[in-house]
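Below is one structure, written out as structure tokens; the observations come after it.
What you are looking at is a predicted structure, and each value in this text was computed from that prediction instead of being measured.
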Amino acid sequence: DLQTRLGRKKVTAKMLAELPAHIRAYDLLHDGREDLRALSYDARRARLAAWAEAQGAERLDLSAEIPFDDWPTLAAHREAQREEGEEGVMLKRRDAPYTGGRPVGPWWKWKRDPLVVDAVMMYAQRGHGKRSSFYSDYTFGAWEDDQLLPIGKAYSGFTDEELKKLDNWVRHNAVGRFGPVREVKKDLVLEVAFDAVHPSSRHKSGVALRFPRIHRIRWDKPAAEADTLTNVKALIEN
């Protein structure tokens, strides 16, 4: 819902009323007087709860804590998050201080398994940095009748060796050029993994994928057997 407000120079009063923003608080690192990062998560959480209650704000709440007795119970809860539109669960050590960066151990993001579709590469573009000499950014589509409609773009998920093969394929199968973009023959199937699919009025296909990445290159699969747009739309979560 908030996505419709992003990128706008002016958010109208109607949008503010229909799509109000709120704050969900996860941690408290400083309370205005004291640096709390050295405290344990339990201690910070208690201070956070007290702070939030004192605010009395209408659109401020705390992230929910999930009680569990064993891993199977938590695993079942993790999978059930798909129906709630959540990515998974975050595990945090209760005795750990808050540490900057990405330390291994105190926190663990246990994401649900990704969704997967077979799509057809439509366009390719050179990457950036060390990939600037390779065609590493791929736009892919799904079938609607006999037409391919783009459903997303991905530039990760493959190895350096696979990148070389993909780049070579693009160079030998380009059929059109639009500035830096190469249109390619609609022959190569990419197995694309992603976290969720949402309706989108900004795309001709009517869908947008969340965090798409290349899961597998289906050199073996005919493009005609790739997924249809109907299949993709069936994965939209209510």
Side-chain angles (χ1 to χ4, degrees), residues 1-33 36-37 44 47-64 81-90 98 100-102 107 109 111-112 114-115 117 119 122-129 131-132 136-142 144 147-156 178-181 183 192-213 229-230 232-238:
D1 291 335
L2 287 176
Q3 193 73 31
T4 62
R5 288 175 46 174
L6 299 179
R8 293 177 178 266
K9 292 184 177 180
K10 183 177 180 180
V11 179
T12 65
K14 180 181 179 182
M15 293 185 73
L16 290 173
E18 293 179 348
L19 302 171
H22 74 275
I23 293 176
R24 171 153 295 161
Y26 294 88
D27 212 330
L28 187 64
L29 310 186
H30 203 289
D31 65 359
R33 302 181 304 277
L36 309 179
R37 290 175 293 177
R44 299 196 312 274
R47 297 279 284 269
L48 175 65
W51 175 84
E53 184 176 0
Q55 303 309 305
E58 179 183 356
R59 295 197 295 272
L60 168 67
D61 66 7
L62 301 185
S63 60
Q81 293 306 297
R82 187 175 300 282
E83 297 181 4
E84 301 297 327
E86 303 288 350
E87 292 183 31
V89 295
M90 176 70 82
Y98 183 91
R102 295 185 177 183
W107 289 8
K109 182 185 288 187
K111 300 181 72 171
R112 67 192 189 192
L115 299 170
V117 296
M122 300 177 67
Y123 307 99
Q125 190 170 350
R126 291 177 188 265
H128 302 280
R131 289 184 171 179
S132 59
S136 62
D137 299 8
Y138 311 114
T139 298
F140 45 84
E144 185 171 60
Q147 181 183 13
L148 273 175
L149 293 180
I151 59 173
K153 184 176 183 179
Y155 43 83
S156 64
F178 309 96
V181 178
E183 182 180 5
V192 180
F194 53 96
D195 290 348
V197 56
H198 305 287
S200 173
S201 59
R202 299 173 60 184
H203 299 85
K204 186 177 180 181
S205 63
V207 298
L209 306 187
R210 178 176 172 82
F211 299 139
R213 56 269 191 196
L229 190 55
T230 299
V232 178
K233 288 182 176 179
L235 300 174
I236 294 177
E237 298 166 2
N238 296 320

Next item on the list: Mind checking side chain to side chain contact (heavy atoms under 4.5 Å, CB included) for Q147 and listing every partner two or more places apart, or none if nothing turns up?
Entry: L149, K204
Checklist line | Atom pair OG1/CZ of T12 and R5 - distance to nearest 0.5 Å | finding: 9.0 Å
Note to self: Looking at every heavy atom in both D61 and R24, which two are closest together, and how far apart are they?
What the structure shows: OD2-NH2, 2.8 Å
Check: Do you know the tightest heavy-atom contact between L115 and A196?
Finding: CD1-CA, 4.2 Å
Next item on the list: Tell me, please, which residues at least two apart from Y123 pass ring pair (Phe, Tyr, Trp, His ring centres under 6.0 Å).
Entry: none
Next item on the list: Using modelled atom types only, decide if a donor and an acceptor are shared between the side chain of R131 and the backbone of Y155 within a distance under 3.5 Å.
Entry: yes
Margin query: Determine whether W51 and D31 satisfy the following criterion, side chain to side chain contact (heavy atoms under 4.5 Å, CB included), listing intermediate values before the conclusion.
Written below: CA-CA 8 Å; W51 175 84; D31 65 359; 5.6 Å; no
Check: Is L16 atom CG crowded by more than 12 heavy atoms from other residues, nucleotides or ligands, each under 6.0 Å away?
Finding: yes
Checklist line | Nearest non-hydrogen partners of V192 and A119, listed with the distance | finding: CG2-CB, 4.3 Å
Notebook entry, point to check: How close do P199 and I236 get, heavy atom to heavy atom, and via which atoms?
Noted result: CD-CG2, 3.8 Å
Check: Closest heavy-atom contact between G127 and D137?
Finding: CA-OD1, 3.9 Å
Next item on the list: Please indicate whether H128 has more than 12 foreign heavy atoms, meaning atoms of other residues, nucleotides or ligands, lying under 6.0 Å from its NE2.
Entry: no
Item checked: Side-chain (R44) to main-chain (L29) donor-acceptor, under 3.5 angstrom -> no
Item checked: Given R210, R213, R112, the one that forms side-chain hydrogen bond (donor to acceptor under 3.5 Å, both in side chains) with D195 -> R213
Next item on the list: Find out whether F194 and I151 are in side-chain contact, i.e. whether some heavy atom of one side chain is under 4.5 Å from a heavy atom of the other.
Entry: no
Item checked: Side chain to side chain, V117 and L235, heavy atoms closer than 4.5 Å -> yes
Checklist line | Rounded distance [0.5 Å steps], CG in D27 versus CG in L62 | finding: 11.0 Å
Notebook entry, point to check: Looking at residues at least two apart in the chain, or sitting in another chain, which of them share a side-chain hydrogen bond (donor to acceptor under 3.5 Å, both in side chains) with R126?
Noted result: none
Next item on the list: Please report the shortest heavy-atom distance between K153 and P212, naming the atom on each side.
Entry: O-CG, 3.3 Å
Checklist line | Interatomic distance, R102 atom CZ to K109 atom NZ [nearest 0.5 angstrom] | finding: 8.0 Å
Notebook entry, point to check: Counting only heavy atoms not in Q55, do more than 12 fall under 6.0 Å of its CD?
Noted result: yes
